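Just so you know, these numbers come straight off a predicted model, no measurement behind them. Below, chains carry the letters A, B, ... as their sequence lines are ordered, and counting in each starts from 1.
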Number of protein chains: 2
Amino acid sequence: MQMVETRRQQIESVASALFRERGYAATSVRDIAKALDIQGGSLYAHVASKEDVLWSIVSRAADRFRERVHPIAERQTSATDRLREMCRAHVEVVTQNLETASVFLDEWRFLGTERQAAIAERRDAYEALFRRVIEEGVARGEFTPTDPKITAIAILSALNGIATWYRLDGPLSADSIADQYAGLFIRALACDPSKPTVRPSQSIPKPRGRPIR
Amino acid sequence: MQMVETRRQQIESVASALFRERGYAATSVRDIAKALDIQGGSLYAHVASKEDVLWSIVSRAADRFRERVHPIAERQTSATDRLREMCRAHVEVVTQNLETASVFLDEWRFLGTERQAAIAERRDAYEALFRRVIEEGVARGEFTPTDPKITAIAILSALNGIATWYRLDGPLSADSIADQYAGLFIRALACDPSKPTVRPSQSIPKPRGRPIR
DNA sequence: AAGCCTACCTAACACTTGTTAGGTGTCAAT
DNA sequence: ATTGACACCTAACAAGTGTTAGGTAGGCTT
């Protein structure tokens, strides 16, 4: 009974590819239709608007990231371990959903105001997953003391950059990329073993209003 | 004699701001004109085309990055030192030219094919500056062995990400951001001091065809 | 056989797009 | 006083934009 792909899914799939390579604003509804060998107006039997398609893509991609990474963030393992696995999972989502992930990362600003706000909220929450793991690692003396907010953003920027240059037919496997990135960040955070500063431990300080300085 | 700002410069300045916040494709020539309180067609007394404006912005921004970072890459100091300073300089260019840098990073794909290729070439050369410093640091045993290409891309992705979120009126000074980022990457690359592997030294291996694996 | 649903088409709508041709006024140099 | 450059305007162009209304053909159910 399993049908291969509903028309709506085909539209989103084709739109993802076009939005990624030309950008949302530079892709017309007729471009999408042409890729499916139908007429521009015929799309509206399946979708309410062009922005609607973007929203579906973006919001589904947001789901994927959270679904994969959130469970890892809640594990009871070391911060080092969780951060490594979170990085790996993030890279996996990017490389396995290259088009939708790219659209999510780059084109969400073309959504209407409310939808944009909804995504911003989810991105903040997602970023907070990384920030908290870093905070915890620092508090436990597992990580070098750093500003968790900046560090989290730096890590995510680097990981998200993969979406721009990764090619399925390239020489690098997704796994090896993930390992390299994860290793890089773990080394950046790993506490210098020469001075085993075991901070107050256990207690994680509540984040104050302003992030730094 | 110094005139404040030629009309052409005003156009590019206003266009940078609009391209950054709405994207090139979603910004009309009339939008740019309206910001200058003139009529859409009047712009063509100063510029040849919309793409021409983009090209000016993008290519000038590319210049700025190279001008600031290339001299540092050629210093005779340690790889650690050079990488740190290169990161700092890059952040400086981003934060001091927020709008043009953002446009350079995000909107260059809307250039025509040849101009796009020209920018791609310059970006590759710029990326190579970072890659070579990393290669050298690894070869000298100054850095942990890592794939220089991936590492360079990771660093630049993180640094470029700053262009998306940095605000002049935000709580973080550009300098402190630069230090944090630079510190992060240096720690990620610094060789574990417990095993002072002084590799063959001096000789830097020629990069082979395929990057890794 | 009738009705209905799905999937698509055609044609048009109101509007926006980048760009150009020709015209107007201002100001400095001749 | 004439010239010419400069900065801008108006008006239009051809093409493309997202979207809609109305129509048609085929297949499924009744």
Practice task
Would you state whether a donor and an acceptor, one from the side chain of A/Arg30 and one from the base of D/dG16, lie under 3.5 Å apart?
Solution key: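 When only heavy-atom distances are counted, A/Arg30 does not reach the base of D/dG16 through any donor-acceptor pair under 3.5 Å.
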
Practice task
Check whether any side-chain nitrogen or oxygen of A/Tyr44 sits under 4.0 Å from OP1 or OP2 of D/dT19, and answer yes or no.
Solution key: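 For A/Tyr44, the contact criterion (side-chain N or O under 4.0 Å from OP1 or OP2 of D/dT19) is met.
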
Handout entry: Residue-phosphate contact under 4.0 Å: B/Ser28 side-chain N/O, C/dT16 OP1/OP2
Key =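 For C/dT16, neither OP1 nor OP2 has a side-chain N or O of B/Ser28 closer than 4.0 Å.
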
N/O-N/O pairs, protein side and nucleotides 5-9 of chain C side, under 3.5 Å:
{"unit_1": "C/dC8", "atom_1": "OP1", "unit_2": "A/Arg7", "atom_2": "NE", "d": "3.2"}
{"unit_1": "C/dC8", "atom_1": "OP1", "unit_2": "A/Arg7", "atom_2": "NH2", "d": "3.1"}
{"unit_1": "C/dC8", "atom_1": "OP2", "unit_2": "A/Arg7", "atom_2": "NE", "d": "3.3"}
{"unit_1": "C/dC8", "atom_1": "OP2", "unit_2": "A/His46", "atom_2": "NE2", "d": "3.3"}
{"unit_1": "C/dC9", "atom_1": "OP2", "unit_2": "A/Gln39", "atom_2": "N", "d": "2.6"}
{"unit_1": "C/dC9", "atom_1": "OP2", "unit_2": "A/Ser42", "atom_2": "OG", "d": "2.7"}

Exercise for the section: Show your reasoning for whether ring pair (Phe, Tyr, Trp, His ring centres under 6.0 Å) applies to A/Phe110 and A/Phe19. Expected result: CA-CA 11 Å; A/Phe110 295 105; A/Phe19 290 168; 9.1 Å; no

Exercise for the section: Go through the steps for B/Thr151 and B/Arg131 under the test side chain to side chain donor-acceptor pair (under 3.5 Å), then give the verdict. Expected result: CA-CA 8 Å; B/Thr151 309; B/Arg131 198 177 59 233; over 6 Å; no

Exercise for the section: Report the relative orientation of the aromatic rings in B/Phe130 and B/His90; use parallel for angles under 30°, tilted for 30 to 60°, perpendicular for over 60°. Expected result: perpendicular

Problem - Donor-acceptor pair, side chain of A/Thr144 and main chain of A/Ala190, under 3.5 angstrom - result: yes

Handout entry: Separation of A/Glu127 CD from A/Leu156 CG (nearest 0.5 Å)
Key =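 Between atom CG of A/Leu156 and atom CD of A/Glu127 there are 6.5 Å.
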
Practice task
Return yes if a side-chain donor-acceptor contact under 3.5 Å exists between B/Arg115 and B/Ser59, otherwise no.
Solution key: no

Practice task
Answer with yes or no whether the side chains of B/Arg187 and A/Thr146 bring together a donor and an acceptor at under 3.5 Å.
Solution key: no

Practice task
Let me know the distance between CZ of B/Arg22 and C1' of C/dT16, rounded to the nearest Å.
Solution key: 14 Å

Practice task
Provide, to the nearest angstrom, the distance between the CG atom belonging to A/Asp52 and the C1' atom belonging to D/dT20.
Solution key: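 Going from CG in A/Asp52 over to C1' in D/dT20 covers 16 Å.
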
Exercise for the section: Could you provide the dot-bracket string of DNA chain D, using ( ) for intrastrand pairs, [ ] for crossing pairs and | for bases paired to another strand, with Watson-Crick or G-U pairs below 3.5 Å? Expected result: |||||||||||||||||||||||||||..|

